[in-house]
There are 2 protein chains.
Amino acid sequence: MSRQLITHMEKFIKLSTEHQQVLINYVKRESYKKKEIILSSGDVCRSTYFVVKGCLRMYFITEKGLEQTTQFALENWWISDYMAFTSQTACGFYIQAVESTEVVVLDHYALERLYQEIPATERYFRMIYQKMAAAAQQRTKYFQDFSKEEIYIHFSKSFPEFIQRVPQYLIASYLGFTPEYLSEIRKKNLS
Amino acid sequence: MSRQLITHMEKFIKLSTEHQQVLINYVKRESYKKKEIILSSGDVCRSTYFVVKGCLRMYFITEKGLEQTTQFALENWWISDYMAFTSQTACGFYIQAVESTEVVVLDHYALERLYQEIPATERYFRMIYQKMAAAAQQRTKYFQDFSKEEIYIHFSKSFPEFIQRVPQYLIASYLGFTPEYLSEIRKKNLS
DNA sequence: CGCGACGTTGATTTGCCTCAACGATTGTGG
DNA sequence: CCACAATCGTTGAGGCAAATCAACGTCGCG
């Protein structure tokens with residue numbers, strides 16, 4: 001149900017039952033199987049996705065032809081290509097289900113209507129984007145401060161659930177190094 | 001004057017002259033000389049800064065004791081440690097003037113009042129943070145896709161004004177490599 | 001004019017990648 | 001339910017991009 005999105009929004013703003021109904025009418029629910037592609041590079045990015053259950057990842061294809069993961073989204077996270085979503089143009093990323101995943105889909109047109117009909121949603125997304133900007137600053141800091149080995153150790157302590165749920169080669173791809181090197185790091189740090 | 005901030009906001013939202021006055025009463029104007037520190041790591045991050053004229057940079061001190069630049073802010077950009085600003089806690093970055101710089105300062109308390117008194121500001125900042133999130137995604141992509149040499153070439157083409165205004169060792173620090181290596185790249189690519 | 005900040009150059013070192021090969025585990029069709 | 005294939009993780013040899021270290025120009029400013 002879209003209930004979970006409403007619960008999440010109510011951590012930030014109040015929504016009357018009437019407004020909740022408006023919201024529900026504007027969103028879609030979708031399910032994806034493991035490895036299914038939700039959005040392809042080159043498509044117009046019409047939607048932003050809220051993960052209800054499961055895990056998505058965002059990646060792109062490098063000049064050398066490798067998949068490079070840039071983000072994961074677990075439960076209660078939003079994910080999209082925000083540059084392409086904002087301008088409703090072709091996006092430069094893929095979004096794929098890491099596990100079988102249920103999402104709430106909010107498309108650009110519906111969101112603009114929401115902002116008009118429920119001004120409080122403007123506040124909600126202001127806070128969500130603010131958290132994203134903050135997280136990006138922290139991420140930049142860690143990536144510049146630490147060696148690849150330290151990045152892995154820091155990541156595995158900060159987000160142990162990812163180590164459980166996500167295959168190692170995707171972790172490596174996200175952290176910016178090769179599966180081989182990750183393997184070496186793990187051997188050195190076995191506890 | 002704070003006029004420039006209002007002009008910037010009016011690219012995104014409408015403000016009555018009355019609201020403009022409210023805004024002006026909530027912000028401060030400040031000037032900083034070249035190399036002056038605006039915010040220190042460890043301070044509570046009470047404000048967000050809008051650059052009217054000049055250039056600021058954000059950096060932190062690495063474990064090895066080096067200054068690592070994470071962001072620049074030219075005219076019409078906002079800058080702050082958004083994690084620390086949101087929670088009103090000690091920040092992990094420094095903000096320093098690269099040139100002599102004039103800013104509009106908006107502190108946390110004033111901003112909360114603004115959101116209440118002028119709901120449209122919520123929309124404005126939603127859009128600003130959304131742009132930041134989008135920019136962070138693009139930046140992550142470039143940094144993972146390109147070699148350091150390609151990063152420099154891409155950066156110097158995308159933001160030629162930085163190459164003019166900002167000393168090379170700060171560019172190097174921002175792009176994540178040493179001044180020596182930057183020098184080598186420049187020699188190879190002189191046109 | 002002199003000093004400190006900035007940029008350059010070259011020799012050496014290293015963190016991490018590339019490539020290739022081989023186990024282990026998972027999934028799938030017969 | 002087994003055989004076989006694909007996917008995933010590990011290991012090791014060799015190589016390269018970029019860092020480190022040290023020394024030396026050069027420019028702008030007090």
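In what follows, chains are A, B, ... by sequence order, proteins preceding strands, each numbered from 1.
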Record whether the side chain of A:Gln168 comes under 3.5 Å of the base of D:dC8 through a donor-acceptor pair of N or O atoms.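 No pair found.
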How about B:Tyr94 and B:Phe60: are their ring centres within less than 6.0 Å of each other?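 No: the rings miss the under 6.0 Å criterion.
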Would a line drawn from the ring center of A:Tyr174 to the ring center of A:Phe155 be shorter than 6.0 Å?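 Yes, the ring centres sit under 6.0 Å apart.
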Looking at [X], does any N or O in its side chain come under 4.0 Å of the phosphate oxygens OP1/OP2 on [N]?
X: A:Tyr169; N: D:dC8; value: yes
X: B:Lys64; N: D:dA19; value: no
X: B:Ser147; N: D:dA17; value: no
X: A:Lys188; N: C:dC16; value: no

Rounded distance (Å) that lies between atom [atom2] of [N] and atom [atom1] of [X]:
X: A:Phe146; N: C:dG15; atom1: CZ; atom2: P; answer: 17 Å
X: A:Ile171; N: D:dG9; atom1: CD1; atom2: P; answer: 10 Å
X: B:Glu150; N: D:dA17; atom1: CD; atom2: C1'; answer: 12 Å
X: B:Phe177; N: D:dA19; atom1: CZ; atom2: C1'; answer: 13 Å
X: B:Lys35; N: D:dC29; atom1: NZ; atom2: C1'; answer: 12 Å
X: B:Gln68; N: D:dA19; atom1: CD; atom2: P; answer: 10 Å
X: B:Lys148; N: C:dG15; atom1: NZ; atom2: P; answer: 15 Å
X: B:Ile163; N: C:dG7; atom1: CD1; atom2: P; answer: 11 Å

For the pair B:Glu184 and B:Lys148, find out whether any cationic side-chain nitrogen is under 4.0 Å from an anionic carboxylate oxygen.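 No salt bridge links B:Glu184 with B:Lys148.
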Do the charged groups of B:Lys141 and A:Glu63 touch, with an N to O distance under 4.0 Å?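 No.
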Can you tell which of [options] lies closest to the side chain of [X]?
X: B:Tyr181; options: C:dC16, C:dG10, D:dA17; value: D:dA17
X: B:Thr178; options: D:dT10, C:dC17, D:dT20; value: D:dT20
X: B:Ser183; options: C:dA5, D:dT20, C:dT8; value: C:dT8
X: A:Glu180; options: C:dT18, C:dT8, C:dC17; value: C:dT18

Stepwise salt bridge (Lys or Arg N to Asp or Glu O under 4.0 Å) check, B:Arg113 with B:Glu117: CA-CA 6 Å; B:Arg113 296 297 306 271; B:Glu117 295 181 32; 3.0 Å; yes
Specify the residue among B:Glu184 and B:Lys34 whose closest nucleotide of DNA chain D lies further upstream toward the 5′ end.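 Per heavy-atom nearest nucleotide, the more 5' residue is B:Glu184.
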